[in-house]
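Written below as structure tokens is the structure these notes are about.
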2 protein chains.
Amino acid sequence: MSRASDRAYGAIRNMILSGELPAGAQLGEEALAEMCGVSRTPVREALRRLEADMLVGRTDTQRTFVADWSIDDVADAFELRAMLESRAARRAAERMTDAAMARIRGANRSLATAIQQSVPDVAGFLDGNREFHAIILEVAGSRRLAALLGTLIEQPVVLRTARQYSREELRRSHAEHEELTAAFARRDGAWAEAIMTSHILRAYHAYADAHRARLDAGMTQEAAE
Amino acid sequence: MSRASDRAYGAIRNMILSGELPAGAQLGEEALAEMCGVSRTPVREALRRLEADMLVGRTDTQRTFVADWSIDDVADAFELRAMLESRAARRAAERMTDAAMARIRGANRSLATAIQQSVPDVAGFLDGNREFHAIILEVAGSRRLAALLGTLIEQPVVLRTARQYSREELRRSHAEHEELTAAFARRDGAWAEAIMTSHILRAYHAYADAHRARLDAGMTQEAAE
DNA sequence: GACATGGATATTGTATACAAATGCCATCGG
DNA sequence: CCGATGGCATTTGTATACAATATCCATGTC
């Protein structure tokens with residue numbers, strides 16, 4: 001990852017995911033190049049990749065801007081992710097190995113540790129979660145499926161709301177991971193597929209609830225100003 | 001489409017889809033630039049896009065080559081396409097408009113005309129087929145779904161075998177389009193979804209049969225040499 | 001005063017030069 | 001004869017200069 005275009009990609013991506021670059025912001029190549037300490041050439045490559053990820057969009061005249069995700073876009077992405085990731089779970093269950101089981105259990109353990117702290121370690125939770133899903137995708141053994149899911153996993157709005165997850169939500173997510181693990185241990189593809197569908201759609205509704213709550217809060221705040 | 005990078009993308013893509021650039025061939029940026037009459041910069045952009053399409057791959061040291069599709073890769077792509085495109089069909093049925101119905105019927109008419117020639121007009125068939133599926137995707141109204149399917153629709157091996165479709169296969173494909181049209185006319189999402197799944201998977205098996213036949217023929221030919 | 005027009009300014013697209021790395025091949029040593 | 005090593009050729013990565021295009025603002029006209 002020492003190539004300049006990779007650094008630019010990572011840097012811009014982080015700025016978008018963190019919200020430092022807000023939705024709708026214009027992305028001038030020159031300005032980004034200076035921010036990343038590289039020339040425009042690698043920045044242009046990075047922007048193309050981010051465009052494929054649908055994290056940035058383009059006007060009809062090739063001006064680049066941070067993509068603005070409507071609530072419908074998010075719902076759409078979650079539904080597609082539920083479909084694809086549950087398929088990955090089924091394939092993974094059918095091809096599961098003992099070595100992969102051990103890694104999955106390890107990921108779940110660190111995830112459990114993260115949520116049992118007196119103050120839940122959300123970053124640790126997200127890391128364990130990411131690893132869990134990555135192992136499933138790896139065992140599923142479809143490069144194409146992995147490529148399709150790649151653009152769906154990290155969504156800017158979602159990451160920011162994940163930090164507001166209640167302990168109860170974290171606990172439920174962990175419980176679902178344990179149930180998925182049981183399905184994998186039994187090599188039961190249909191079971192794994194069903195739990196994964198439910199897991200993703202529950203996460204979507206947790207997001208949607210948080211989104212509504214934030215909208216209400218925002219409106220209250222605006223009214224107060 | 002007058003930008004140099006678009007021309008390069010189209011030109012290289014056609015060379016891959018037509019088989020002019022065979023699977024596994026090294027793709028030197030300089031050589032491609034000369035072929036397309038542009039400089040390396042737009043060629044590099046085109047290669048990145050083709051990489052996202054999974055039409056080209058990269059070695060661990062960044063050398064680019066034409067992707068080699070195993071029979072398993074093709075099966076994988078067809079299964080994913082069946083899943084995604086049947087979802088598109090369901091959404092399209094639920095959102096269908098009279099105007100879109102008219103366009104779908106028009107695409108089917110030109111498709112019917114193409115296969116009724118004394119010598120079937122396969123290019124015309126493929127055009128009508130493409131338009132039919134494009135309208136469905138448009139009516140489905142999910143930009144993200146369209147983006148995911150974009151990388152799955154045109155596969156090099158498939159296009160080349162489509163030209164060997166028998167009249168019977170073309171006729172069956174057209175019959176399935178008519179049945180899909182009926183499902184759309186009834187706004188019946190479940191029906192449309194089921195037919196589309198079947199439509200894609202039948203097309204896969206037609207491909208797989210042709211592939212096996214070609215393998216046999218190839219082996220015979222080799223033995224004869 | 002509103003709108004069109006023109007030019008200055010900013011931004012993107014392409015070409016090219018150069019730097020870095022990779023691969024190939026010949027030569028040398030065992 | 002086989003393998004390792006060094007250097008040359010090729011290829012990719014990055015920066016920069018220049019060209020084409022879009023945006024914006026000011027000016028002039030109705």
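Computed from a predicted model, the values in this text were never measured in an experiment. Chain identifiers are assigned alphabetically (A, B, ...) following the order of the sequence lines, protein sequences preceding nucleic acid strands; residue numbering begins at 1 within each chain. Side chains included, hydrogens not; waters and symmetry mates left out as well; all remaining heavy atoms used.
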Decide salt bridge (charged side-chain N to carboxylate O under 4.0 Å, His left out) for B/Glu154 and B/Arg130; before the verdict, give the C-alpha distance in whole Å, the side-chain angles of both, and the deciding distance to 0.1 Å. CA-CA 10 Å; B/Glu154 300 219 343; B/Arg130 206 184 333 264; 2.3 Å; yes

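- At whole-Å resolution of the value, CD in A/Gln26 and P in D/dA22 are 15 Å apart.
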Show each protein N/O and nucleotides 4-8 of chain D N/O combination with a separation under 3.5 Å, one pair to a line.
none

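- Judged as a side-chain contact (heavy atoms from CB on, under 4.5 Å), and not counting sequence neighbours, the contacts of B/Arg202 are B/Arg172, B/Ser173, B/Glu176, B/His199, B/Ala206.
- Counting to the nearest Å, the P atom of D/dA15 and the CZ atom of B/Arg44 are 12 Å from each other.
- Computed from coordinates, the B/Glu45 CD to C/dA15 P distance equals 11 Å when rounded to whole Å.
- A/Met35 meets the side-chain contact (heavy atoms from CB on, under 4.5 Å) test with A/Met15, A/Leu32; sequence neighbours excluded.
- Within residues 53-66 of chain B, the residues approached by DNA chain C to less than 4.0 Å at the level of any non-hydrogen atom are B/Thr61, B/Arg63, in residue-number order.
- Of the residues in residues 28-35 of chain A, those with a non-hydrogen atom less than 4.0 angstrom from any atom of DNA chain C are A/Gly28, A/Glu29.
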Tabulate protein N/O versus nucleotide N/O from nucleotides 5-7 of chain C, keeping only pairs under 3.5 Å, one per line.
none

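- Relative ring orientation between B/Phe132 and B/His177 is described as parallel, the plane-to-plane angle staying below 30° on a 0-90° scale split at 30° and 60°.
- Partners of A/Glu79 according to the side chain to side chain donor-acceptor pair (under 3.5 Å) rule, which considers only residues two or more places apart in sequence or in another chain, are B/Arg87.
- Other residues, nucleotides and ligands contribute at most 12 non-hydrogen atoms within 6.0 Å of the CD atom of B/Glu30.
- A/Arg3 has its CZ atom 13 Å from the C1' atom of C/dT22, to the nearest Å.
- No more than 12 heavy atoms of other residues, nucleotides or ligands sit less than 6.0 Å from atom CD of A/Glu34.
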Under-3.5 Å N/O pairs linking protein and nucleotides 16-20 of chain D:
unit_1, atom_1, unit_2, atom_2, d
D/dT16, O4, A/Thr41, OG1, 3.3

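- Residues meeting the side-chain contact (heavy atoms from CB on, under 4.5 Å) test with B/Arg44, sequence neighbours left out: A/Glu45, B/Glu29, B/Arg40.
- The residues B/Asp6 and B/Arg13 are annotated as not salt-bridged, no charged nitrogen and carboxylate oxygen being separated by less than 4.0 angstrom.
- Considering only residues two or more places apart in sequence or on other chains, A/Asp73 meets the salt bridge (Lys or Arg N to Asp or Glu O under 4.0 Å) condition with B/Arg143.
- Residues meeting the side chain to side chain donor-acceptor pair (under 3.5 Å) test with A/Asp60, sequence neighbours left out: none.
- With contacts defined as side-chain heavy-atom distances shorter than 4.5 Å, the pair A/Leu80/B/Leu84 qualifies.
- Within the 4.5 Å cutoff, the side chain of B/Tyr204 has no heavy atoms near those of the B/Arg81 side chain.
- Residue B/Leu47 contributes atom CG, which lies 9 Å from atom P of D/dT12 at whole-angstrom precision.
- Scanning for salt bridge (Lys or Arg N to Asp or Glu O under 4.0 Å) contacts around B/Asp209 gives B/Arg212, with sequence neighbours left out.
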Worked verdict on B/Ile115 versus B/Tyr165 for side chain to side chain contact (heavy atoms under 4.5 Å, CB included): CA-CA 11 Å; B/Ile115 67 176; B/Tyr165 276 178; over 6 Å; no

